[in-house]
Amino acid sequence: MPNPVEPAAPAPSDFIRDIVAAHVAEHKYPRVHTRFPPEPNGYLHIGHAKSICLNFGIAREFGGLCNLRMDDTNPAKEDIEYVESIQADVNWLLGGWAEDRLGLKQHDQTPETKTVDGKIDFYMPPVFGTSEAERKHAAIQLEPFYASDYFDQIYEFAVALIKKGKAFVCDLPPDQMDDYRRNGKASPFRDRSVAENLDLFTRMKNDEFPDGTRVLRAKIEVDAANIWLRDPLIYRIKHADHHQTGGKWCIYPMYDFAHCLSDYIEGITHSICTLEFEVHRPLYDWILESLDLPRPLPHQYEFARLSLSYTIMSKRKLMQLVDENLVTGWDDPRLPTLSGIRRRGVTAQALRDFAYHIGITKYNGLTDVAVLEHAIREDLNQRAQRRLAVLRPLKVVITNYPEGQVEQLNAVNNPEQPETGHRQVPFTRELYIERDDFAEVPPPKFFRLKPGGEVRLKYAYVIKCEEVIKDAAGKLTELRCTADLDSKMGGLTAGRKVKGTLHWVSAAHAVDAEVRLYDRLFTEAEPEQDGRDFKSVLNPHSLEVLTAKGEPSLAEANAEERYQFERLAYFTVDLDSQPSKLVFNRTITLKDTWAKAAQKG
RNA sequence: UGCCCGAUGGUGUAACGGUAGCACAGCAGACUCUGAAUCUGUUUGUCUAGGUUCAAAUCCUAGUCGGGCAACCA
């Protein structure tokens, strides 16, 4: 199959890459090391793709690495189903681009542990740059990193913090603690002795207390202007089985405590996240700086998350669409999930091009979905095999063409990639054309077929519409046309200039195929504008299912290939497709300036 | 309300004290055996007010508007 090379896009530049470039120039770190740390509590979406392309793009451009890490510190919300889908999505998006930058770890690998001069250190280096085949050959099983891999180490760090007098066990009930924090009041348990804190924290770990009765808090500043510095909670009791560690723990670290330490343990240099974590950065730094760690510390940088018009991105709301069966599942082709986008027929390449085009800033804007659509079309135009298929058939009989005759005509597979060659398309007396390509009363500038008018049938003849046949109800059933039999490629009148060219299929040879015509899921650019319920603006026409007539070669269509049904849209084989029942998803329509002109009238 | 962050055409971005550029969208045209693609042209912009400077999108101050945070979520 054609495999267009990565377009020679200029290396992107943005404020984060500028920082990394400066660090590289001054040799601040031995190696640039980023990470992509999703929580396995939902499916990845196109917003995550922006982050993946940033983190792996940086690794790629600066000769570094990027770890895939499950940020799994809240077993109540997480599930193994999500860790599996995340791995699949990341592998797909990285394929042919940055898989050699992906940092993974061996199964059962544990952090290297050292204590030097009373300083504790844990380090978990990645395995990287191995292909699937190499891994199989070496019989090593690689998997993502997990924050839960470090629960022992993170626990040790918490103990270290207690010993330094920088953390304490707090017995305040949740609502009271919130109240104290809001008002900048010190917890009455703030000044417990190190020994008592150590004892209590150990007993928390040993399952002596029920959920919610005690927490471990960092001892920073009771009335700091930044609320995240007001003695934040770093460990809570939660009696829940964890998808990775099972029943081993009944206490789990909070995000703020686990994240910076996971970054440190993995040797991350640039910890890139979205803007809402900006106010957490002082806490990120405080924890690492308080622990007296021997290796270089990671630093956090924030960028604006992606918002797309006609799209919702919140995991919770996507889950709602799935749970309420408003879509068919997480991989519904109308969803902005990576699995949905993939099923729709969008390539990883197109998504990466999109990610590069939108840039990285700290401004919370709304990206026009047209930018995405443009990236998809550009990619598919290069790679898609052209085919003839009719979505809404209208029968045409060529009255001067011999009955029973079959001509095999040469059709170009992809004019953008001439080396993909040709295929044969059968032409006969009875054909189907697109219903929309005929108008009994043509609007102005209509240069498709009309009574008495002429059009070119692609790769075949110029035909003239002689007669319009209707049934008793007055419904159009058939067109009777004559062909200029000298007008096909190489013929005497092949050079005739006819304004319109139509796609068609031979009625006798056509294969039936289910086509799923997807459109935007919402009718409004901002589904949640002014607090309106996004479900109130669902597009009732986001999916239309038809049975199309396709040229015979479509029977051999395969899932890896992309197709353009000429003059209509790009399609891909759906995973529901069977040899006995073909199913195609419409990825995206071709640009249609005629539709726009016709609408304007 | 407090704290933090941001603001460049319709949208997204670049310009790092010295000619406001690019992409998408729009519009007009050329070409076309895809009303696609391709090509050409083109409309539209530095939030406001002060200040610094020979010179400000850029630096400073204030304001306006927008976003985020104030979970035993991440």
Side-chain angles (χ1 to χ4, degrees), chain A residues 10 12-15 18 37-39 41 71-74 76-78 147 170 172-174 177-178 181-182 184 211-217 224-230 233-238 251-252 254-256 258-259 273-282 302 304-305 309 315 357-375 377-378 381-382 386 388 412 415-416 445-448 455-462 487-489 494-503 525 564-570 589-598:
Chain A
S13 162
D14 54 65
F15 77 99
D18 289 348
E39 183 187 17
N41 67 347
D71 207 357
D72 55 350
T73 57
N74 185 3
K77 290 189 176 171
E78 296 154 8
C170 180
L172 247 27
M177 198 176 93
D178 287 351
R181 287 189 70 196
R182 252 195 300 274
D211 287 6
T213 52
R214 275 178 238 266
V215 297
L216 186 68
R217 288 227 250 166
N226 183 339
I227 282 140
W228 289 101
L229 260 17
R230 316 242 265 230
L233 205 158
I234 58 176
Y235 254 98
R236 79 284 216 187
I237 302 170
K238 195 183 270 276
I251 58 171
Y252 292 95
M254 297 291 289
Y255 162 84
D256 287 291
H259 202 88
C273 60
T274 44
L275 249 26
E276 66 269 29
F277 294 99
E278 219 165 6
V279 287
H280 295 237
R281 190 177 358 144
E302 310 88 12
R305 58 156 22 111
S309 62
K315 276 192 209 174
H357 278 296
I358 57 176
I360 300 292
T361 63
K362 300 184 77 158
Y363 176 71
N364 276 302
L366 179 68
T367 298
D368 191 337
V369 75
V371 179
L372 206 215
E373 295 174 342
H374 176 262
R377 288 194 180 101
E378 194 169 59
N381 179 46
Q382 289 303 312
R386 313 292 129 122
L388 299 180
V412 175
E416 304 289 335
K445 288 195 198 149
F446 184 82
F447 44 85
R448 276 114 101 137
V455 292
R456 155 84 57 191
L457 293 181
K458 179 109 185 176
Y459 301 124
Y461 305 95
V462 172
S487 63
K488 80 170 176 188
M489 210 80 79
R496 287 184 59 187
K497 294 294 174 204
V498 182
K499 198 64 176 153
T501 300
L502 307 188
H503 59 279
Q564 182 198 103
F565 293 177
E566 291 213 42
R567 303 207 309 129
L568 296 171
Y570 295 100
T589 60
L590 256 30
K591 270 177 72 175
D592 190 351
T593 45
W594 164 243
K596 215 182 312 184

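Throughout, a chain's letter reflects where its sequence line sits, starting with A, and its residues are numbered from 1. These values consider heavy atoms only, across backbone and side chains, with no hydrogens, waters or symmetry-generated copies.
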> Determine the contact category for Phe15(A): base if any of its heavy atoms lies under 4.0 Å from a base atom, sugar-phosphate if only primed atoms, P, OP1 or OP2 are that close, otherwise nothing.
nothing
> Quick one: Leu502(A) CG to U32(B) P, roughly how many Å, whole number?
18 Å
> If you compare all heavy atoms of Leu172(A) against all heavy atoms of Arg217(A), which two are closest, and at what distance to 0.1 Å?
CD2-NH2, 4.1 Å
> Please confirm whether the shortest side-chain N or O distance from Thr367(A) to OP1 or OP2 of U11(B) is below 4.0 Å.
no
> Compare side-chain N and O positions of Thr593(A) against OP1 and OP2 of A36(B) and report whether any pair is under 4.0 Å apart.
yes
> Measuring only the C1' atom in each nucleotide, how far is G10(B) from C27(B)? A whole number of Å is fine.
13 Å
> Can you tell me, in whole Å, how much space there is between the C1' of U42(B) and that of U34(B)?
26 Å
> So Tyr235(A), base contact, sugar-phosphate only, or nothing? Heavy-atom distance under 4.0 Å.
nothing
> Quote, to the nearest angstrom, the C1' distance that separates G63(B) from C24(B).
34 Å
> May I ask you to decide whether Arg281(A) forms a salt bridge with Glu302(A), counting only side-chain N to carboxylate O separations under 4.0 Å?
yes
> Can you tabulate the close N/O pairs, meaning under 3.5 Å, that link protein atoms to atoms of nucleotides 16-21 of chain B?
| unit_1 | atom_1 | unit_2 | atom_2 | d |
| --- | --- | --- | --- | --- |
| C16(B) | N4 | Asp18(A) | OD2 | 3.3 |

> Mind checking Arg456(A) for me? I need base, sugar-phosphate or nothing, with any heavy atom below 4.0 Å counting as a touch.
base
> Looking at Lys238(A), does any N or O in its side chain come under 4.0 Å of the phosphate oxygens OP1/OP2 on C73(B)?
yes
> So what does Lys445(A) touch, heavy atoms closer than 4.0 Å: a base, only the sugar-phosphate, or nothing?
base
> Please give, in whole Å, the distance from G67(B) P to Tyr363(A) OH?
10 Å
> In terms of the nearest nucleotide of RNA chain B, which residue is placed more toward the 5' end: Asn226(A) or His280(A)?
Asn226(A)
> If I take atom CG in residue Asp592(A) and atom P in nucleotide U34(B), what distance separates them, rounded to the nearest angstrom?
15 Å
> Does Leu590(A) form a side-chain contact (heavy atoms from CB on, under 4.5 Å) with Glu566(A)? I'd like the steps, not just the answer.
CA-CA 9 Å; Leu590(A) 256 30; Glu566(A) 291 213 42; over 6 Å; no
> What's the CG-P distance between Leu372(A) and A25(B), to the nearest Å?
12 Å
> Please determine, for G18(B), whether a Watson-Crick or G-U wobble partner exists with both distances under 3.5 Å, and give it or none.
C54(B)
> So Phe447(A), base contact, sugar-phosphate only, or nothing? Heavy-atom distance under 4.0 Å.
base
> Rounded to whole angstrom units, what separation is found between the NE2 atom of His374(A) and the P atom of G26(B)?
11 Å
> Say whether, by atom type as modelled, one donor and one acceptor occur between the side chain of Arg236(A) and the main chain of Val215(A) under 3.5 angstrom.
no
> Give none if U1(B) has no partner; otherwise give the nucleotide forming a Watson-Crick or G-U wobble pair with it, both distances under 3.5 Å.
A70(B)
> For a 4.5 angstrom cut-off between non-hydrogen side-chain atoms, does Arg386(A) reach Val412(A)?
no
> Roughly how many Å apart are G12(B) and G51(B), using the C1' atom of each and rounding to a whole number?
32 Å
> Any stacking of Trp594(A) on G35(B), going by centres under 5.5 angstrom and planes within less than 30 degrees?
yes
> Distance between the P atoms of U40(B) and C22(B), in whole angstroms?
12 Å
> Measure from the side-chain N and O atoms of Asp18(A) to the backbone N and O of Ser13(A), and report whether any donor-acceptor pair falls under 3.5 Å.
no
> Provide the closest heavy-atom pair for Arg181(A) versus Ile227(A) in the form atom of the first, atom of the second, distance.
NH2-O, 2.8 Å
> Over all strands shown, is His259(A) touching base, sugar-phosphate only, or nothing at heavy-atom distances under 4.0 angstrom?
nothing
> Donor-acceptor pair under 3.5 Å: do we get one between Arg448(A)'s side chain and the base of G35(B)?
yes
> Taking only the C1' atom of each, what is the distance from G17(B) to A56(B) in whole angstrom?
7 Å
> Contact class for Ile358(A) (heavy atom, under 4.0 Å): base, sugar-phosphate, or nothing?
sugar-phosphate
> Mind checking who C24(B) pairs with, Watson-Crick or G-U wobble, both distances under 3.5 Å?
G10(B)
> Expressed in whole Å, how much space separates the P atoms belonging to A23(B) and C47(B)?
22 Å
> Arg386(A) near the nucleic acid: base, sugar-phosphate alone, or nothing, with a heavy-atom cut-off under 4.0 Å?
base
> Under a 3.5 Å cut-off for both contacts, is U61(B) paired Watson-Crick or G-U wobble with anything, and if yes, with which nucleotide?
A49(B)
> May I ask you to say what Glu416(A) touches in the nucleic acid, namely base, sugar-phosphate or nothing, with a heavy-atom cut-off under 4.0 Å?
sugar-phosphate
> Which part of the nucleic acid, if any, lies within contact of Lys458(A), taking any heavy atom under 4.0 Å across all strands shown: a base, the sugar-phosphate backbone alone, or nothing?
base
> Taking only the P atom of each, what is the distance from G18(B) to C60(B) in whole angstrom?
15 Å
> Check the pair Glu278(A) / Lys362(A) against side-chain contact (heavy atoms from CB on, under 4.5 Å), numbers first and verdict last.
CA-CA 10 Å; Glu278(A) 219 165 6; Lys362(A) 300 184 77 158; 2.7 Å; yes
> Regarding Leu568(A), tell me which of base, sugar-phosphate or nothing describes its non-hydrogen contacts under 4.0 Å with the strands shown.
nothing
> Using a heavy-atom cut-off of under 4.0 Å over every strand shown, decide if Met254(A) touches base, sugar-phosphate, or nothing.
sugar-phosphate
> Counting the atoms with a prime plus P, OP1 and OP2 as sugar-phosphate, which does Ser309(A) contact under 4.0 Å by heavy atoms, base, sugar-phosphate, or nothing?
nothing
> Quick check for you: to the nearest 0.5 Å, what is the distance between Glu39(A) atom CD and Lys77(A) atom NZ?
7.0 Å
> Taking any heavy-atom pair under 4.0 Å as a contact, classify Gly212(A): base, sugar-phosphate, or nothing.
base
> Respond yes when some side-chain nitrogen or oxygen of Thr361(A) is under 4.0 Å from OP1 or OP2 of G12(B), and no when none is.
no
> Do any side-chain nitrogens or oxygens of Arg182(A) fall under 4.0 Å of OP1 or OP2 in A71(B)?
yes
